[in-house]
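Reminder, nothing fancy here: chain letters follow the sequence lines and each chain counts from 1.
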2 protein chains.
Amino acid sequence: MNDIVTDCHGVKPLSEIFKLLSEPNRLRILCGLGMECQSVGSVVEETGLSQTNVSFHLRLLREAGLVRPEKRGAFVYYCLPDQKILALLDDFRAWAETLEKPATHKKAS
Amino acid sequence: MNDIVTDCHGVKPLSEIFKLLSEPNRLRILCGLGMECQSVGSVVEETGLSQTNVSFHLRLLREAGLVRPEKRGAFVYYCLPDQKILALLDDFRAWAETLEKPATHKKAS
DNA sequence: CAATCATATAAGCGGATACTCATATGAATG
DNA sequence: CATTCATATGAGTATCCGCTTATATGATTG
């Protein structure tokens with residue numbers, strides 16, 4: 001296990017995935033697709049973002065294969081091709097909550 | 001499980017972690033600390049990055065609690081406070097490799 | 001087929017960020 | 001204590017990225 005330490009040069013593709021997840025709105029969109037596929041309009045409504053902006057984010061996620069579009073009439077529904085990402089995100093969040101940030105030292109005034 | 005889908009608004013802190021991991025050099029640095037603590041100079045040597053740049057990245061990682069500094073004489077060694085992140089990164093990478101990117105449609109010429 | 005609705009794309013702006021150069025701090029060594 | 005070594009910080013710059021304002025495509029409906 002932990003093959004990652006044996007090949008620290010192959011982190012580029014992984015970092016690109018993280019870049020996609022590093023944008024709060026994008027992560028929120030992805031997270032919103034967790035329960036079920038959603039149309040673009042539905043995502044717009046749920047997030048409060050502009051339609052243009054949502055389409056833009058969805059495109060990035062789609063091009064990376066993180067979401068999959070599905071045409072239904074005039075609508076396009078976006079789905080998670082693999083629900084496993086939700087578990088991964090949860091694992092990460094659980095771990096993140098255990099992080100102890102260092103004391104920011106302020107001088108006593 | 002998958003609490004993340006029940007609270008898509010609390011993704012901000014998680015996205016900040018991902019932002020830290022989204023920079024290839026930063027991820028490479030973190031990855032290099034997997035086996036053992038390393039001094040700044042050692043990281044510089046291993047990555048080929050400038051000392052200033054390494055210090056800059058290490059600061060961000062440190063402030064987030066992802067790495068922990070340890071003074072040893074004139075040197076500062078950086079360590080992973082929690083090796084679990086290596087497993088998480090590996091899980092993510094394994095999953096990322098299963099992603100099917102959509103066919104970029106080119107016209108037949 | 002004209003109009004409308006759902007979604008996608010293009011161009012541009014403003015802010016964030018990764019990197020460099022210069023410099024500062026702080027420890028070891030003579 | 002002066003010099004050197006290890007690391008950290010600050011300012012400046014160039015690039016990237018997210019968002020908006022148009023505009024385009026493509027499907028439905030009358």
Side-chain angles (χ1 to χ4, degrees), chain A residues 11-12 15-33 37-64 66-79 102-107, chain B residues 11-33 37-64 66-79 102-107:
Chain A
V11 298
K12 188 76 188 306
S15 73
E16 279 164 7
I17 301 282
F18 286 142
K19 177 151 289 172
L20 286 171
L21 302 177
S22 72
E23 220 293 305
N25 288 330
R26 215 147 46 208
L27 192 50
R28 218 146 53 89
I29 290 173
L30 199 70
C31 165
L33 298 181
C37 301
Q38 283 193 6
S39 69
V40 176
S42 168
V43 173
V44 168
E45 199 176 338
E46 190 167 303
T47 60
L49 301 174
S50 74
Q51 180 266 318
T52 304
N53 196 11
V54 167
S55 269
F56 172 71
H57 284 308
L58 282 173
R59 164 146 78 151
L60 296 179
L61 293 171
R62 167 181 15 113
E63 286 174 348
L66 290 176
V67 302
R68 188 169 40 78
E70 196 172 289
K71 280 216 103 179
R72 300 188 195 169
F75 297 78
V76 179
Y77 277 74
Y78 279 86
C79 316
T104 50
H105 35 131
K106 289 179 184 173
K107 282 190 182 176
Chain B
V11 297
K12 189 78 187 304
L14 188 55
S15 73
E16 280 164 8
I17 301 282
F18 286 142
K19 178 152 287 173
L20 285 171
L21 301 177
S22 72
E23 221 294 306
N25 288 330
R26 214 147 47 207
L27 191 51
R28 217 145 53 89
I29 290 172
L30 198 71
C31 165
L33 298 180
C37 300
Q38 283 194 7
S39 69
V40 176
S42 168
V43 173
V44 168
E45 198 176 340
E46 191 167 304
T47 60
L49 301 174
S50 74
Q51 181 267 317
T52 304
N53 196 10
V54 167
S55 271
F56 171 71
H57 284 309
L58 282 173
R59 165 143 79 148
L60 296 180
L61 293 171
R62 164 174 27 104
E63 287 174 347
L66 289 177
V67 302
R68 187 169 40 79
E70 197 172 290
K71 281 217 101 175
R72 300 187 195 169
F75 297 78
V76 179
Y77 278 74
Y78 279 86
C79 316
T104 50
H105 35 134
K106 289 179 184 173
K107 282 190 184 177

Contact between B/Thr47 and B/Ile29 at the side-chain level, heavy atoms closer than 4.5 Å - yes or no?
yes
Rounded to whole Å, CD of A/Glu63 lies from C1' of D/dC17 at a distance of 15 Å
Please report, rounded to the nearest Å, how far the C1' atom of C/dA18 is from the CZ atom of B/Arg28.
14 Å
To the nearest Å, how far apart are B/Lys12 NZ and D/dG18 P?
14 Å
Here the pair of heavy atoms bringing B/Lys71 nearest to B/Val76 is CE-CG2, 4.0 Å
Please report, rounded to the nearest Å, how far the P atom of C/dA27 is from the OH atom of B/Tyr77.
17 Å
Might you confirm whether atom CD of B/Glu45 has over 12 heavy atoms from other residues, nucleotides or ligands at distances under 6.0 Å?
no
B/Arg59 side-chain N/O to D/dA8 phosphate OP1/OP2 under 4.0 Å:
no
Whole-Å gap separating C1' (D/dC16) and CD (A/Glu16):
14 Å
What contact category does A/Tyr78 fall into here, base, sugar-phosphate, or nothing, at under 4.0 angstrom with non-hydrogen atoms?
sugar-phosphate
Starting from C1' on C/dA8, measure out to CG on A/Leu61 and report it in whole angstrom.
15 Å
Taking side chain to side chain donor-acceptor pair (under 3.5 Å) as the criterion, tell me which of B/Glu70, B/Arg62, B/Arg68 meets it with B/Tyr78.
B/Arg62
Verify the contact: side-chain N or O of A/Lys19 to OP1 or OP2 of D/dC17, cut-off strictly under 4.0 Å; return yes or no.
yes
Summary of protein contacts for nucleotides 19-30 of chain D, nucleotide by nucleotide, where a base hit scores B, a sugar-phosphate-only hit scores S (4.0 Å, heavy atoms):
SBBB----SS--
Which distance, rounded to the nearest 0.5 Å, do you find between the CZ of A/Phe75 and the SG of A/Cys37?
14.5 Å
Do B/Arg28 and B/Pro24 come close enough that some side-chain heavy atom pair is under 4.5 Å?
no
